[in-house]
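As structure tokens, the structure follows; a few thoughts come after it.
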Amino acid sequence: GEEYDNVYVISLENGENLSKDALLQAYGYDEEKLYSLLESKIQSDDVLYTLVNIKNNGYHLYVNKDGKLCIIYYEMDDVEEIRKELILDD
């Protein structure tokens, strides 16, 4: 079957669900800077193809227990979708 992720990031200050844009901004990113960072971090045979898939199919952001911004995305090949996670804030 296909996998899907539902990610909710709740602000500890006011209890609101934070959007991707709010999370990016809180960590000093915009989408352009995010994609540039991903280009350097993705380990794939075809990084540009993976970036296009992320742009077209979306991604989820969350904050891990160490307070680091992380991303979930799916890398696609001819046969399957592979779930990937990266810590953006090393």
Side-chain angles (χ1 to χ4, degrees):
E2 295 179 9
E3 291 185 42
Y4 296 98
D5 292 290
N6 289 316
V7 177
Y8 301 94
V9 180
I10 308 299
S11 169
L12 295 176
E13 294 176 3
N14 58 22
E16 291 181 6
N17 187 23
L18 298 175
S19 68
K20 286 180 190 175
D21 290 334
L23 272 174
L24 288 172
Q25 184 178 18
Y27 282 84
Y29 294 102
D30 58 19
E31 284 220 325
E32 184 177 324
K33 187 174 177 183
L34 172 68
Y35 291 131
S36 178
L37 179 63
L38 286 173
E39 188 172 358
S40 68
K41 287 188 163 270
I42 290 173
Q43 295 181 2
S44 172
D45 293 337
D46 191 344
V47 172
L48 295 179
Y49 179 73
T50 300
L51 280 174
V52 167
N53 278 320
I54 293 170
K55 289 177 183 180
N56 291 337
N57 299 318
Y59 58 90
H60 298 288
L61 296 173
Y62 69 95
V63 179
N64 71 9
K65 65 181 178 176
D66 297 325
K68 298 190 183 271
L69 185 62
C70 303
I71 187 170
I72 298 170
Y73 66 93
Y74 286 84
E75 187 172 294
M76 298 181 202
D77 62 18
D78 293 336
V79 179
E80 63 184 337
E81 291 182 336
I82 303 165
R83 185 179 186 276
K84 300 280 186 138
E85 288 186 62
L86 285 174
I87 297 173
L88 299 174
D89 270 11
D90 296 329

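What you see is a predicted model, and the numbers here were worked out from it, not measured in a lab.
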Subject >> Gap separating the CG atom of L38 from the OH atom of Y29, nearest 0.5 angstrom >> reply: 9.0 Å

Original post:
Linking I/L/V/M/F/W/Y whenever their side-chain heavy atoms sit closer than 4.5 Å, directly or via other members, would L48 and L34 fall into one cluster?
Top reply: yes

Original post:
Donor-acceptor pair, D66 side chain versus K68 backbone, under 3.5 Å?
Top reply: no

Subject >> Distance in Å, I54 CD1 paired with E39 CD, rounded so as to fall on 0.5 Å steps >> reply: 10.5 Å

Original post:
What are the two closest non-hydrogen atoms of K41 and I87, and how far apart are they?
Top reply: NZ-O, 3.3 Å

Subject >> Considering all heavy atoms, the nearest V47-S44 contact >> reply: CG2-O, 4.0 Å

Subject >> Check: K84 and I71 side chains under 4.5 Å, non-hydrogen atoms >> reply: no

Subject >> Approximate separation, where rounding is to 0.5 Å, of L24 CG and L18 CG >> reply: 11.0 Å

Original post:
Counting only N and O atoms by type, is there a donor-acceptor contact under 3.5 Å from the side chain of D5 to the main-chain atoms of V7?
Top reply: no

Original post:
When rounded to the nearest 0.5 angstrom, what distance separates CG in D89 from SG in C70?
Top reply: 8.0 Å

Original post:
If you count the non-hydrogen atoms of other residues, nucleotides and ligands that lie under 6.0 Å from CD in E80, is the total more than 12?
Top reply: yes

Original post:
When rounded to the nearest 0.5 angstrom, what distance separates CG in N6 from CD1 in I72?
Top reply: 10.0 Å

**OP:** Please name the pair of heavy atoms, one in K55 and one in Y35, separated by the smallest distance, quoted to 0.1 Å.
**Re:** CG-CZ, 3.4 Å

Original post:
So, for M76 and N53, which heavy atoms are closest and what is the spacing to 0.1 Å?
Top reply: CB-ND2, 4.0 Å

Original post:
Do R83 and E85 meet the salt-bridge criterion of a basic N to acidic O distance under 4.0 Å?
Top reply: yes

Original post:
Looking at side-chain heavy atoms only, is the closest gap between L88 and L61 below 4.5 Å?
Top reply: yes

**OP:** Supply the atom-to-atom distance Y62 OH to L69 CG, rounded to the nearest 0.5 angstrom.
**Re:** 9.5 Å

